[in-house]
Amino acid sequence: METVSTNRSYAGTQGVYSHASAETGTDMTFAVYVPDHDEGAKLPVLWYLSGLTCTHANVMEKGEYRRAASDLGLIIVAPDTSPRGEGVPDDDAYDMGQGAGFYVDATEEPWSKHFRMRSYIEQELPDLIAAEFHVDMSRQGIFGHSMGGHGALTIALRNPDRYISVSAFSPIVSPLQCPWGDKALGGYIGDDRAAWRQYDACALIEDGARVTDLLVDQGTSDNFLEEQLKPHLLTEACAKAGIPLSLNMREGYDHSYYFISTFMADHLLWHADRL
């Protein structure tokens with residue numbers, strides 16, 4: 001692991017780091033905020049997964065999480081959204097390729113060699129974080145925005161013994177039932193829609209996956225709300241499965257970090273109560 005930068009902020013350290021990833025076959029950059037703590041103490045860790053077109057820097061620069069993370073004693077880890085660099089396949093559209101990894105392990109060419117974000121987030125990066133930072137890996141939570149909300153929900157549902165808490169801002173709740181999902185999962189995974197179900201929160205719940213409870217915030221003025229996000233599908237799936245869901249429809253808020261930063265502290269407090 002190499003240190004790109006460190007900055008003092010709210011009685012803690014905001015760092016940016018890079019490493020050579022075996023999963024993606026590229027260098028990967030990620031951000032970690034560590035509150036000040038007693039020597040030898042291990043803190044809970046909260047993973048934040050970003051959305052389409054984003055990097056680690058979007059939430060780091062616009063998410064406004066550091067004051068709350070410092071007060072609550074939470075380490076925040078923000079990975080990138082995809083592999084990047086020379087030789088990594090890309091697409092002219094914003095919703096495929098670099099910046100749009102969808103947190104899947106691709107099986108289709110040309111994506112399968114590098115686009116292994118599921119294994120990177122679930123296995124490789126946690127091992128690195130555990131080795132390099134004072135993290136209590138028995139206390140992990142995960143949350144994210146949009147494509148990252150999809151990632152957080154599906155990763156938590158697939159690993160309920162690892163993640164104690166999960167929440168999301170404006171998540172893609174069912175890639176099986178929206179244009180973003182049709183394009184991304186079809187491109188990365190192939191035409192067998194049954195194979196997509198492991199990357200669809202609603203399908204995972206229908207197939208028996210469970211978490212203790214969920215928190216979701218969604219803006220009512222989000223221009224992706226009706227066609228892509230469809231939170232009512234998650235409401236229906238959770239109701240049938242008996243999963244407590246707190247879905248907050250925030251009047252007048254859109255899909256931007258103005259929305260996310262407004263309710264960021266609420267999410268951190270919610271996770272801290274469980275971690």
For Arg139 and Leu275 the tightest heavy-atom approach is CD-O, 2.8 Å

In Å, rounded to the nearest 0.5 Å, how long is the span from OG1 of Thr55 to CE of Met28?
-> 10.5 Å

Atom pair CG (Asp105) and CZ (Arg116), whose distance is rounded to the nearest 0.5 Å = 4.0 Å

Ignoring hydrogens and angles, tell me if any N or O in the side chain of Glu236 forms a donor-acceptor pair with the backbone of Leu233 under 3.5 Å.
-> no

Answer with yes or no whether the hydrophobic clustering places Val59 together with Val45; edges join I, L, V, M, F, W, Y residues whose side-chain heavy atoms lie under 4.5 Å apart.
-> no

Check the pair Arg162 / Glu122 against side-chain contact (heavy atoms from CB on, under 4.5 Å), numbers first and verdict last.
-> CA-CA 10 Å; Arg162 180 183 303 177; Glu122 289 185 1; 3.9 Å; yes

Where do Ala68 and Leu268 come nearest, in terms of heavy atoms and distance?
-> CB-CD2, 3.9 Å

For Cys178 and Glu227 the tightest heavy-atom approach is CB-O, 3.7 Å

Start with the C-alpha distance between Ile155 and Leu49, add both sets of side-chain angles, then the distance that settles side-chain contact (heavy atoms from CB on, under 4.5 Å), and finish with yes or no.
-> CA-CA 11 Å; Ile155 289 170; Leu49 305 185; 3.9 Å; yes

Using a cut-off of 6.0 Å, state whether more than 12 heavy atoms not belonging to Tyr94 lie near its atom OH.
-> yes

Cluster check Phe169, Val211: I/L/V/M/F/W/Y, side chain < 4.5 angstrom | no

Residues which pass salt bridge (charged side-chain N to carboxylate O under 4.0 Å, His left out) with Glu124, listed by chain and number, not counting sequence neighbours = none

Expected output: side-chain Tyr188 to main-chain Ser112 donor-acceptor under 3.5 Å | no

Would a distance-only check, ignoring hydrogens and angles, find a side-chain to backbone donor-acceptor pair under 3.5 Å from Asp38 to Ala41?
-> no

Could you tell me whether Arg158 atom CZ has more than 12 heavy atoms of other residues or ligands within 6.0 Å of it?
-> yes

All pairs passing salt bridge (charged side-chain N to carboxylate O under 4.0 Å, His left out) where residues 254-275 contributes a residue, at least two apart | Asp213-Arg274

Determine whether Leu72 and Tyr163 fall in the same hydrophobic cluster, where Ile, Leu, Val, Met, Phe, Trp and Tyr are linked whenever their side-chain heavy atoms lie under 4.5 Å apart.
-> no

Correct closest heavy-atom pair for Pro89 and Pro110 would be CG-O, 3.3 Å

With the side chain counted from C-beta on, respond yes when Val173 and Gln218 share a heavy-atom pair under 4.5 Å apart, and no when they do not.
-> no

Closest approach of Thr220 and Glu251, non-hydrogen atoms and distance?
-> OG1-CA, 3.2 Å

Side-chain heavy atoms of Ser165 within contact of Phe143, under 4.5 Å = no

Provide the closest heavy-atom pair for Ile142 versus Ala156 in the form atom of the first, atom of the second, distance.
-> CG2-CB, 4.0 Å

Would you call the rings of Tyr65 and Tyr33 parallel, tilted or perpendicular if under 30° counts as parallel and over 60° as perpendicular?
-> perpendicular

Check: Ser70 side chain, Arg66 main-chain N or O, donor-acceptor pair, under 3.5 Å = no

Below 4.5 Å, heavy atoms only, C-beta onward: do Phe133 and Val77 meet side chain to side chain?
-> no

Got a second to check how far Leu204's CG is from Leu153's CG, nearest 0.5 Å?
-> 9.5 Å

Those residues at least two apart in sequence (or on a different chain) that pass salt bridge (charged side-chain N to carboxylate O under 4.0 Å, His left out) with Asp222 are none

Kindly indicate whether the side chain of Ser167, heavy atoms from C-beta on, has any atom under 4.5 Å from the side chain of Phe263.
-> no

Taken to the nearest 0.5 Å, the spacing of His134 NE2 from Leu43 CG works out to 9.0 Å

Minimum side-chain heavy-atom gap Tyr257-Glu61 below 4.5 Å = no

Taking the side chain as C-beta and beyond, is there a heavy-atom pair between Tyr10 and Pro35 under 4.5 Å?
-> no

Side chains of Leu128 and Tyr17 in contact at under 4.5 Å (non-hydrogen atoms) | no

Give the C-alpha distance, both sets of side-chain angles, the deciding distance and a yes or no for side-chain contact (heavy atoms from CB on, under 4.5 Å) between Trp180 and Leu52.
-> CA-CA 10 Å; Trp180 276 340; Leu52 284 166; 3.7 Å; yes

Listed partners of Ser82 passing side-chain contact (heavy atoms from CB on, under 4.5 Å), at least two apart | Arg84, Gln98, Phe115

Going from NE2 on His150 to OG on Ser170, what distance comes out if it is rounded to the nearest 0.5 angstrom?
-> 14.5 Å

Kindly assign one of parallel, tilted or perpendicular to the pair Phe224 and His255, based on the angle between their ring planes and the thresholds 30° and 60°.
-> perpendicular

Same cluster or not: are Met117 and Phe30 linked, directly or through other Ile, Leu, Val, Met, Phe, Trp or Tyr residues, by side-chain heavy atoms under 4.5 angstrom apart?
-> yes

Report the residue from Ile172, Asn248, Leu247, Leu245 that forms a side chain to side chain contact (heavy atoms under 4.5 Å, CB included) with Pro231.
-> Leu247

Using modelled atom types only, decide if a donor and an acceptor are shared between the side chain of Arg193 and the backbone of Leu176 within a distance under 3.5 Å.
-> yes

Sole candidate of Phe102, Trp111, Trp196 that passes side chain to side chain contact (heavy atoms under 4.5 Å, CB included) when paired with Ile189 = Trp196

Might you work through the side-chain contact (heavy atoms from CB on, under 4.5 Å) test for Tyr199 and Arg118, ending with a clear yes or no?
-> CA-CA 10 Å; Tyr199 298 115; Arg118 172 182 177 174; 3.5 Å; yes

dist Gln228:CD -> Ser174:OG (nearest 0.5 Å) comes out at 11.5 Å

Residue list, side chain to side chain donor-acceptor pair (under 3.5 Å) with Thr29, at least two apart or on another chain | none

Would a 4.5 Å heavy-atom cut-off, applied to side chains only, mark His56 and Val32 as touching?
-> no

Sequence neighbours excluded, the answer for side chain to side chain donor-acceptor pair (under 3.5 Å) partners of Glu64 is none

More than 12 heavy atoms of other groups within 6.0 Å of Asp191 CG = no

ILVMFWY network linking Ile164 to Leu214, side-chain heavy atoms under 4.5 angstrom = no

Report, as yes or no, whether the 6.0 Å neighbourhood of atom NZ on Lys183 holds more than 12 heavy atoms from other residues, nucleotides or ligands.
-> yes

With a 4.0 Å cut-off, would you call Glu206 and Lys240 a salt bridge?
-> no

